[in-house]
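Data block below; observations after.
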Protein chains: 2
Amino acid sequence: MKDNNDMPGHLARRFQQIAVAVFLGEVADAGFDLTPVQYAALATIKANPGLDQVTLAGLIAYDRTTITGVIDRLVQKGLAERRASSRDRRARELEITEEGRRTLRKITPAVESAQRVMLRGLSAKEGEELMRLLRKAIAAGNELSRAPLRGVQA
Amino acid sequence: MKDNNDMPGHLARRFQQIAVAVFLGEVADAGFDLTPVQYAALATIKANPGLDQVTLAGLIAYDRTTITGVIDRLVQKGLAERRASSRDRRARELEITEEGRRTLRKITPAVESAQRVMLRGLSAKEGEELMRLLRKAIAAGNELSRAPLRGVQA
DNA sequence: GGATATTGATCAGTATGCTGACTATCAGTA
DNA sequence: TACTGATAGTCAGCATACTGATCAATATCC
């Protein structure tokens with residue numbers, strides 16, 4: 001019988017599980033308390049000042065109902081701000097704070113270190129190949145989840 | 001600046017996200033309501049009758065606090081049973097029910113189909129290579145998460 | 001044998017993710 | 001302009017995952 005641990009879905013879950021643990025560990029060692037999800041959101045807000053929540057969700061493939069809580073926590077930590085949009089009264093414009101910028105700057109080495117640690121069993125070439133295959137599989141399956149990746153629209 | 005979407009951690013999250021969506025979709029199409037996590041637990045209980053919860057958690061790399069809820073739901077659906085152990089009065093012995101066996105049997109084609117769909121962007125050779133690299137990275141990082149994989153002990 | 005340490009299970013609390021519903025608003029059209 | 005449909009954000013509810021604590025029972029050590 002085929003072992004459960006040999007199925008792609010199970011390997012996906014397990015690798016993600018380790019990736020999150022490594023990220024949290026490295027970031028905690030650096031003295032910060034930020035989840036992978038919060039980090040990605042904050043970095044994307046910094047790169048796209050004033051964007052709204054739906055756009056942010058699309059850029060990092062989060063569900064729009066998940067983004068609400070993530071931003072709540074970024075705001076609560078003083079790392080980001082949520083403002084009413086002047087163009088569309090339904091939308092909220094997101095901005096990173098000075099504190100958020102400082103945090104991103106100081107946390108970067110830990111984040112990069114985490115990426116290395118989670119691939120530590122692989123050679124550099126294998127790491128590259130793993131990322132290439134993941135990107136390819138993800139591109140083909142993008143529309144299959146409720147929260148697909150969406151590039152910036154015109 | 002390095003794009004967030006190019007980091008291994010982000011790719012891991014995204015692939016897992018798609019894998020879960022595909023699994024749930026295929027299983028729902030087959031007329032069942034079972035999560036990937038519940039499926040793995042049930043299949044492992046079937047393969048190891050009478051095992052306790054900690055052992056089960058180790059075999060599929062779940063946190064022991066997570067397993068409680070998962071089994072609650074399997075029991076509630078009538079697919080598994082939780083009995084007091086005679087050897088160790090702290091432990092619970094897990095068994096699959098007839099209904100659980102039937103469900104596993106009927107759900108297998110959907111589960112296998114899901115594994116194919118989540119790799120549909122890759123050639124057969126690439127799919128194999130992705131799985132090999134994931135297994136290797138996971139093996140090296142096994143101890144880094146709170147819920148490592150644990151083989152059956154003597 | 002009795003103190004101590006460890007272990008199996010559960011619980012409270014927090015953070016993703018999702019489904020589905022809802023409100024407010026905007027956009028397009030008859 | 002009034003109607004219709006789509007969109008931004010939020011909420012309730014459920015299912016993983018994890019941290020850290022607790023309780024009961026077992027193992028270990030002096």
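Chain naming here is simple, since letters A, B, ... match the order of the sequence lines and numbering starts at 1 in each. No experiment lies behind these values; they were computed from the predicted model shown.
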Distance-only donor-acceptor pairs under 3.5 Å for side chains of residues 7-14 of chain B, two or more places apart:
{"residue": "B:His10", "atom": "ND1", "partner": "B:Asn5", "partner atom": "OD1", "Å": "3.1"}
{"residue": "B:His10", "atom": "NE2", "partner": "A:Ile60", "partner atom": "O", "Å": "3.4"}
{"residue": "B:Arg13", "atom": "NH2", "partner": "A:Ala61", "partner atom": "O", "Å": "2.7"}
{"residue": "B:Arg14", "atom": "NH1", "partner": "B:Gln17", "partner atom": "OE1", "Å": "2.4"}
{"residue": "B:Arg14", "atom": "NH2", "partner": "A:Asn142", "partner atom": "O", "Å": "3.4"}
{"residue": "B:Arg14", "atom": "NH2", "partner": "A:Asn142", "partner atom": "OD1", "Å": "2.4"}

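Residues passing the ring pair (Phe, Tyr, Trp, His ring centres under 6.0 Å) test with A:Tyr62, sequence neighbours excluded: none. With sequence neighbours excluded, the residues satisfying salt bridge (charged side-chain N to carboxylate O under 4.0 Å, His left out) with A:Arg135 are B:Asp6. Listed by chain and residue number, nothing satisfies the salt bridge (charged side-chain N to carboxylate O under 4.0 Å, His left out) test with B:Glu112 (two or more places apart in sequence, or in another chain). B:Lys136 meets the side chain to side chain contact (heavy atoms under 4.5 Å, CB included) test with A:Leu122, A:Glu126, B:Arg132; sequence neighbours excluded. For B:Phe23, the ring pair (Phe, Tyr, Trp, His ring centres under 6.0 Å) test picks out B:Tyr39, with sequence neighbours left out. Taking B:Arg146 as the reference, B:Asp63, B:Arg64, B:Thr65 meet the side chain to side chain contact (heavy atoms under 4.5 Å, CB included) condition, with sequence neighbours excluded. In this structure, A:Arg120 has no salt bridge (charged side-chain N to carboxylate O under 4.0 Å, His left out) partners at least two apart in sequence or on a different chain.
Residue pairs meeting the salt bridge (Lys or Arg N to Asp or Glu O under 4.0 Å) criterion with at least one partner in residues 15-28 of chain A, sequence neighbours excluded, are absent.
By the 4.0 Å N-to-carboxylate-O rule, A:Glu99 lies too far from A:Arg101 to be salt-bridged with it.
The partner of C:dA30 is D:dT1, judged by Watson-Crick or G-U wobble contacts that both fall below 3.5 Å.
Nucleotides of DNA chain C that come within less than 4.0 Å of any heavy atom of chain A span, from the 5' end to the 3' end, C:dA15 to C:dC26.
Two residues, A:Leu24 and A:Val54, neighbour DNA chain D, and the one matched to the more 5' nucleotide by heavy-atom proximity is A:Val54.
Only A:Asp88, A:Arg89, A:Arg90, listed by number, bring a heavy atom of residues 82-91 of chain A to less than 4.0 angstrom from any atom of DNA chain C.
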Can you pull every protein N or O that's under 3.5 Å from an N or O on nucleotides 14-17 of chain D?
{"residue": "D:dT16", "atom": "OP1", "partner": "B:Thr35", "partner atom": "OG1", "Å": "2.7"}
{"residue": "D:dT16", "atom": "OP2", "partner": "B:Gln38", "partner atom": "NE2", "Å": "3.1"}
{"residue": "D:dT16", "atom": "OP2", "partner": "B:Arg73", "partner atom": "NE", "Å": "2.6"}
{"residue": "D:dT16", "atom": "OP2", "partner": "B:Arg73", "partner atom": "NH2", "Å": "3.0"}
{"residue": "D:dA17", "atom": "OP2", "partner": "A:Arg13", "partner atom": "NE", "Å": "2.9"}

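If you check every strand for non-hydrogen atoms under 4.0 Å, A:Arg64 touches a base.
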